[in-house]
Amino acid sequence: MRPLLLPVLCLLCWPLTVRAADPLAEGRRLFREGRYATARPLLEEALVGPTRGEALGLLGELAWITGDLVAAAQRAAQAEEVPGLEASALLLRGRVAQAQGQYAAARGAYQEALALDTGNTRAKVLLGELHQYLGLKAEARRLLEPLLARDRLGGIASASELVLLGRAALALGKIRIGFDALDQATVVDPSSQEAQLHLGRAALSKEDWVHAQEGFEATARLNPHHPDALVGLARVRFATAATYDELEELRGRALQIAPGHADALRLGAEVALADQRAGEARRLLAPVLARNPADLDALALLGAAAALEDDDRQLQAALGRVRALHPRPAAFWTALGRSAERANRYPDAVAFARRALQADPEHLPALLLLGVNLTRTGQEAEARRVLEQSHLRDGYSPQVVNLLNLFERGLGDYRTVPLTGGLTLRGQREELVLLDLFVAPLLEQLVVRYGRSYSLKLAGPVAVEVFHDPRSFAVRSVGLPAISGHGVSFGRLVTARSPSSNDFNWAYVFTHELAHVYGMQLSRYRVPRWLTEGLAELEAQTGRPEWRRRHQRALSGVLQEGRLPGILEQNAGFTHARRLGEAALDRKSTRLNSSHIPL
């Protein structure tokens with residue numbers, strides 16, 4: 001028995017290696033599920049024999065999606081040596097060159113692919129999008145318009161071809177065709193990550209947050225580790241969430257998967273600018289520009305950081321770098337306008353949008369930016385004309401549709417009456433008598449009080465608009481039918497819920513929001529959020545001790561634990577508060593800080 005027992009025991013102890021029956025199929029499946037580290041060795045195993053070509057292509061895409069541009073370039077070079085893969089390898093080489101700002105090399109690679117196959121739709125779309133990105137509109141049209149010919153539109157059954165058609169249409173500003181093609185692609189193949197992702201991106205470009213989220217969530221269901229889908233969802237949170245913590249979690253996951261992900265870093269810079277931390281924005285943009293010194297979006301954000309600090313020299317330096325690449329830098333000025341809008345600098349947002357349209361009158365994002373912000377700066381008649389023009393040329397922006405519907409129909413029974421001190425009061429006709437009895441006297445008293453406190457006569461008229469319908473209040477404020485809160489101040493406009501619409505302290509809301517008007521106008525809209533919130537809290541509670549928010553015990557604990565944000569971190573205390581209680585504490589701390597500033 002002994003001679004037999006030892007071999008059996010050795011066999012049992014021998015390490016077993018489980019090999020995939022089909023490494024290529026298993027690697028492909030894992031790659032599509034986002035299990036990149038597990039997929040890579042299986043795909044490398046499939047590099048031998050007849051599966052080499054597809055394995056090389058998948059390894060190149062794996063390197064691309066995880067941000068390893070060196071490995072992607074190496075795989076592209078290897079694939080160029082494989083018969084039948086030359087065109088796809090050239091396209092990957094072009095994408096890598098484009099991601100590094102080597103636009104001439106990218107253009108050359110795409111043109112080489114077209115020389116191999118003049119009917120290569122993907123090569124045409126990539127080259128057309130590159131031309132459009134660099135402002136070469138005529139070249140883009142020559143490449144992309146033939147793809148939209150009527151005899152082609154009905155004969156496309158492939159989801160990937162429909163996606164390319166949608167991308168071409170959107171690049172040319174043919175919005176309806178673009179969305180229809182992308183929608184159809186998701187019907188033809190609901191499992192197409194490319195189709196879902198590009199549908200989300202298209203909706204995001206129109207600030208259609210609902211459908212953008214649907215597209216990115218559909219992508220993430222198919223591949224929970226797709227970095228572009230994670231950043232897309234983070235961008236939706238940036239636009240719609242009151243705080244940024246979930247955004248940062250999504251952005252962090254994307255950067256774990258693809259370190260150096262350019263859009264994740266650019267989004268981080270946008271968040272920093274929203275928090276008025278220009279230095280942090282520049283720090284986050286540094287690695288983006290180190291990899292791609294010609295990244296137009298990153299350069300625009302550098303310009304936005306300079307504008308936030310009123311540093312015209314740095315702004316002109318960033319603009320000069322953009323102009324060297326793009327003859328009509330409308331996107332540069334639009335990025336500055338969006339940053340100004342987030343920093344509550346609404347007149348600057350209007351001015352930057354006008355600069356964008358001077359550079360390129362066809363730039364639809366600038367038209368939207370201008371129309372929305374004109375509604376906030378007392379220029380309602382021009383705002384309506386701009387919004388109508390935007391709707392005629394686009395038609396896919398929920399903000400534009402909602403605002404036009406409000407102005408054309410929703411405000412039909414609203415009336416405006418003048419008040420003293422440079423104010424006007426707009427309200428529903430049925431409520432105006434009560435508003436005139438209760439709200440108007442309060443507003444006029446506040447103008448007298450604040451005028452003395454701040455030695456400021458309002459640049460008016462300042463419109464105070466009161467809405468019984470919460471949806472109308474939300475649309476008038478942000479263009480969307482649902483926001484929290486009871487009042488919003490824009491410096492020349494205050495929107496508020498009607499006292500009759502809910503059970504809340506309406507006198508506190510008007511006192512608080514009108515204080516913001518003085519802070520904005522006195523500082524030329526440069527007042528930091530922590531300071532304007534602190535001053536508004538202080539003003540609202542002056543003479544009304546019953547309005548004080550009582551968080552002394554919680555604030556004492558924060559002080560003892562050393563968790564109270566410093567002055568430079570106070571803005572982030574609002575946008576990064578994980579719970580409403582934390583936001584309330586931040587309001588309390590800003591009130592305390594503001595009370596120590598002599599007025």
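In what follows, every heavy atom counts, from backbone to side chain, and hydrogens, waters and symmetry copies are set aside.
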(message) Which residue is it: Arg328, Lys137, Arg393? I am looking for the one with a salt bridge (charged side-chain N to carboxylate O under 4.0 Å, His left out) to Glu362.
(response) Lys137
What is the distance from atom [atom1] of [X] to atom [atom2] of [Y], rounded to the nearest 0.5 Å?
{"X": "Leu319", "Y": "Leu302", "atom1": "CG", "atom2": "CG", "answer": "12.0 Å"}
{"X": "Leu92", "Y": "Glu80", "atom1": "CG", "atom2": "CD", "answer": "9.5 Å"}
{"X": "Leu91", "Y": "Glu86", "atom1": "CG", "atom2": "CD", "answer": "11.5 Å"}
{"X": "Phe332", "Y": "Leu301", "atom1": "CZ", "atom2": "CG", "answer": "9.5 Å"}
{"X": "Thr121", "Y": "Leu144", "atom1": "OG1", "atom2": "CG", "answer": "10.5 Å"}
{"X": "Glu54", "Y": "Leu24", "atom1": "CD", "atom2": "CG", "answer": "4.5 Å"}

Min side-chain heavy-atom separation [X]-[Y] under 4.5 Å:
{"X": "Leu357", "Y": "Trp333", "answer": "no"}
{"X": "Leu250", "Y": "Val231", "answer": "no"}
{"X": "Leu493", "Y": "Thr377", "answer": "no"}
{"X": "Glu341", "Y": "Val372", "answer": "yes"}
{"X": "Leu162", "Y": "Leu182", "answer": "no"}
{"X": "Ile257", "Y": "Leu230", "answer": "yes"}
{"X": "Leu147", "Y": "Leu164", "answer": "no"}
{"X": "Phe407", "Y": "Arg476", "answer": "yes"}

Donor-acceptor contact present, side-chain [X] to main-chain [Y], <3.5 Å:
{"X": "Gln132", "Y": "Ala171", "answer": "yes"}
{"X": "Arg321", "Y": "Pro293", "answer": "yes"}
{"X": "Asp394", "Y": "Ser390", "answer": "no"}
{"X": "Gln399", "Y": "Val478", "answer": "yes"}
{"X": "Arg107", "Y": "His131", "answer": "no"}
{"X": "Arg251", "Y": "Ala264", "answer": "yes"}
{"X": "Asp208", "Y": "Ala203", "answer": "no"}
{"X": "Thr375", "Y": "Ala383", "answer": "no"}
{"X": "Arg376", "Y": "Ser477", "answer": "yes"}
{"X": "Asp295", "Y": "Leu289", "answer": "no"}

Kindly give the heavy-atom pair with the smallest separation between [X] and [Y], and that separation in Å.
{"X": "Leu222", "Y": "Pro190", "result": "CD1-O, 3.8 Å"}
{"X": "Tyr244", "Y": "Ala274", "result": "OH-CB, 3.8 Å"}
{"X": "Gln276", "Y": "Arg529", "result": "OE1-N, 4.0 Å"}
{"X": "Phe31", "Y": "Leu62", "result": "CE1-CA, 3.6 Å"}
{"X": "Tyr36", "Y": "His226", "result": "OH-CA, 3.9 Å"}
{"X": "Ala307", "Y": "Leu336", "result": "CB-CD2, 4.2 Å"}

(message) As a quick check of understanding, evaluate side-chain contact (heavy atoms from CB on, under 4.5 Å) for Val475 and Asn405, giving each step before the final call.
(response) CA-CA 10 Å; Val475 169; Asn405 283 337; over 6 Å; no
(request) Would you please classify the geometry between the Phe179 ring and the Tyr396 ring as parallel, tilted or perpendicular, with 30° and 60° separating the classes? (result) parallel
(message) Classify the ring geometry of Tyr133 against Tyr103: parallel below 30°, tilted from 30° to 60°, perpendicular beyond 60°.
(response) perpendicular
(request) Give a yes or no on whether Arg354 atom CZ has more than 12 heavy-atom contacts from other residues, nucleotides or ligands under 6.0 Å away. (result) yes
Please determine, by modelled atom types, if [X] and [Y] share a side-chain donor-acceptor pair under 3.5 angstrom.
{"X": "Tyr346", "Y": "Asn344", "answer": "yes"}
{"X": "Asp469", "Y": "Ser472", "answer": "yes"}
{"X": "Gln78", "Y": "Arg75", "answer": "yes"}

(request) Under the side-chain contact (heavy atoms from CB on, under 4.5 Å) rule, what do Leu199 and Glu214 come out as? Steps first, then yes or no, please. (result) CA-CA 9 Å; Leu199 189 57; Glu214 288 176 359; over 6 Å; no
(request) Apply salt bridge (charged side-chain N to carboxylate O under 4.0 Å, His left out) to the pair Arg277 and Asp275, showing each step before the final yes or no. (result) CA-CA 6 Å; Arg277 295 180 295 153; Asp275 290 336; 3.4 Å; yes
(request) Using side chain to side chain donor-acceptor pair (under 3.5 Å) as the criterion, point out the one residue from Arg95, Glu129, Gln98, Arg122 that pairs with Tyr110. (result) Gln98
(message) Between Arg385 and Glu388 (salt bridge meaning N to carboxylate O under 4.0 Å), is one present in this structure?
(response) no
(message) Checking side chain to side chain contact (heavy atoms under 4.5 Å, CB included) between Gln193 and each of Asp228, Asn223, Ile65, which is the one that passes?
(response) Asn223
(request) List the steps and the verdict of side-chain contact (heavy atoms from CB on, under 4.5 Å) for His211 and Lys206. (result) CA-CA 10 Å; His211 292 102; Lys206 299 302 167 191; over 6 Å; no
(request) Dump the intermediate steps for salt bridge (charged side-chain N to carboxylate O under 4.0 Å, His left out) on Arg338 and Glu270, then the final yes or no. (result) CA-CA 10 Å; Arg338 284 184 178 139; Glu270 291 177 56; over 6 Å; no
(request) Could you walk me through whether Leu265 and Leu285 pass side-chain contact (heavy atoms from CB on, under 4.5 Å), step by step? (result) CA-CA 7 Å; Leu265 291 168; Leu285 292 171; over 6 Å; no
